[in-house]
Asks: 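Have a look at this one.
Excluded from the calculations below are hydrogen atoms, water molecules and symmetry mates; all remaining heavy atoms, backbone and side chain alike, are included. In what follows, chains carry the letters A, B, and so on, assigned in the order in which the sequence lines appear, proteins first and then strands, with residues in each chain numbered from 1.
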Amino acid sequence: MNDDTRRNQPLFPISIVMKLTELSARQIRYYEEHELINPARTDGNRRMFSFNDVDKLLEIKSLIEQGVNLAGIKRVFELNQQAVSLLKNEVKNEQVSDAAIHRRLKRDLMHAGRLGKTSLIQGELSRFFH
DNA sequence: ATTCTCACA
DNA sequence: TGTGAGTA
């Protein structure tokens, strides 16, 4: 089982996530309604969140505090997703050396840090740091 | 005891 | 976004 799989394991119920993120259940469900997160469901229809879900929620909270609306946050996630796809393809196609990849990742992570989206990138690219 | 959906004096 | 109702 790799890190990606591990981070996507549905582990905690909404009560735990509320404490971890300091968000209300209402807010967490509201963000799901707007497709910013997609937690798994149990047999009894209870939401089960993964570490990635929690990271995303923390990112949402941070962006909300910075005055970004849900549409804007969704765009940030989409751009982030695109950047991740490009990096994954570079690695998959072996078009750059390992050293170049690490230099590229470090540069991108630093840039992302200024935009407050470090955790998301680190989460989705964690498997490249083995 | 918890979480879910729905609705709004 | 909060909150209460009625469930599962």
Side-chain angles (χ1 to χ4, degrees):
Chain A
M1 184 183 285
N2 59 50
D3 282 18
D4 262 27
T5 301
R6 220 184 307 280
R7 298 181 73 85
N8 283 314
Q9 282 298 313
L11 302 175
F12 359 80
I14 198 166
S15 57
I16 299 300
V17 178
M18 288 174 68
K19 292 189 174 184
L20 257 29
T21 65
E22 296 185 270
L23 288 170
S24 65
R26 179 82 168 84
Q27 290 175 299
I28 295 172
R29 296 180 183 123
Y30 185 68
Y31 301 149
E32 177 191 37
E33 256 184 81
H34 289 257
E35 302 177 272
L36 268 48
I37 55 173
N38 56 311
R41 294 287 182 134
T42 65
D43 297 330
N45 197 41
R46 270 75 221 278
R47 270 167 274 249
M48 286 300 275
F49 303 77
S50 66
F51 279 112
N52 278 336
D53 289 327
V54 174
D55 285 343
K56 270 195 171 185
L57 253 5
L58 289 172
E59 194 59 27
I60 292 171
K61 186 188 178 188
S62 171
L63 290 169
I64 287 293
E65 293 173 339
Q66 290 176 40
V68 183
N69 58 42
L70 298 191
I73 294 176
K74 195 166 185 177
R75 272 180 268 157
V76 169
F77 285 178
E78 291 171 349
L79 289 175
N80 213 109
Q81 168 63 46
Q82 289 176 42
V84 170
S85 294
L86 290 176
L87 287 173
K88 285 183 177 178
N89 281 324
E90 282 192 358
V91 175
K92 181 179 181 181
N93 298 326
E94 300 181 302
Q95 293 176 177
V96 290
S97 70
D98 280 6
I101 290 175
H102 281 273
R103 267 186 276 104
R104 171 67 178 284
L105 286 176
K106 182 174 183 180
R107 192 201 72 195
D108 286 0
L109 286 172
M110 289 184 72
H111 181 265
R114 295 188 209 102
L115 301 179
K117 58 182 182 181
T118 311
S119 63
L120 279 181
I121 290 181
Q122 291 182 325
E124 300 190 65
L125 294 181
S126 64
R127 70 188 180 88
F128 293 135
F129 289 105
H130 286 173

Asks: For DNA chain C, report each stem as range with range, ordered by first number, or say none. Use Watson-Crick or G-U wobble pairs under 3.5 Å, at least 3 in a row.
Replies: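 Output for stems: B:4-8 with C:2-6.
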Asks: I'd like to know if D53(A) and R47(A) make a salt bridge, using a cut-off of under 4.0 Å between side-chain N and carboxylate O.
Replies: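 Salt bridge absent between D53(A) and R47(A).
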Asks: Under 3.5 Å, sequence neighbours excluded: what are the donor-acceptor pairs made by side chains of residues 15-23 of chain A?
Replies:
residue : atom : partner : partner atom : Å
T21(A)  : OG1  : V17(A)  : O            : 2.8
T21(A)  : OG1  : L23(A)  : N            : 3.3

Asks: Which heavy atom in M48(A) sits nearest to a heavy atom in L11(A), and how many Å separate them?
Replies: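 In terms of heavy atoms, the two residues are closest at CE-O, 3.4 Å.
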Asks: In Å, rounded to the nearest 0.5 Å, how long is the span from CD of E59(A) to CD1 of I37(A)?
Replies: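 The CD1 atom of I37(A) is 13.5 Å from CD of E59(A), to the nearest 0.5 Å.
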Asks: Show the atom names and distances, to 0.1 Å, of all donor-acceptor pairs under 3.5 Å that link a side chain in residues 67-78 of chain A to residues at least two apart or in another chain.
Replies:
residue : atom : partner : partner atom : Å
N69(A)  : OD1  : A71(A)  : N            : 3.2
N69(A)  : OD1  : G72(A)  : N            : 2.6

Asks: Would you name the heavy atoms of R41(A) and N45(A) that are closest together and state the gap between them?
Replies: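 The answer is NH1-O, 2.9 Å.
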Asks: For F12(A), give me all partners under ring-ring contact (aromatic ring centres under 6.0 Å, His included), at least two apart in sequence or on another chain.
Replies: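 Testing F12(A) for ring-ring contact (aromatic ring centres under 6.0 Å, His included), a comparison that skips the adjacent residues, returns F51(A).
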Asks: Regarding R29(A), tell me which of base, sugar-phosphate or nothing describes its non-hydrogen contacts under 4.0 Å with the strands shown.
Replies: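 Base contact - R29(A) has a heavy atom under 4.0 Å of at least one base atom.
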Asks: Is the closest side-chain donor-acceptor distance between T5(A) and Q9(A) under 3.5 Å?
Replies: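 Short answer, no.
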Asks: Can you find a pair of side-chain heavy atoms, one from E32(A) and one from P39(A), that are under 4.5 Å apart?
Replies: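 Yes. Closest side-chain heavy atoms under 4.5 Å.
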Asks: Sugar-phosphate means primed atoms, P, OP1 and OP2; the rest is base. With that split, encode nucleotides 1-8 of chain C 5' to 3' as B, S or - using protein heavy atoms under 4.0 Å.
Replies: BBB----B
Asks: Reading DNA chain B in the 5' to 3' direction, which nucleotide is the first one with an atom under 4.0 Å from a heavy atom of chain A, and which is the last?
Replies: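 Contact boundaries, 5' end first: dT2(B) to dT5(B).
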Asks: Do you know which two heavy atoms are closest between N52(A) and D4(A), and how far apart they sit?
Replies: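 So the minimum-distance heavy-atom pair works out to ND2-O, 4.5 Å.
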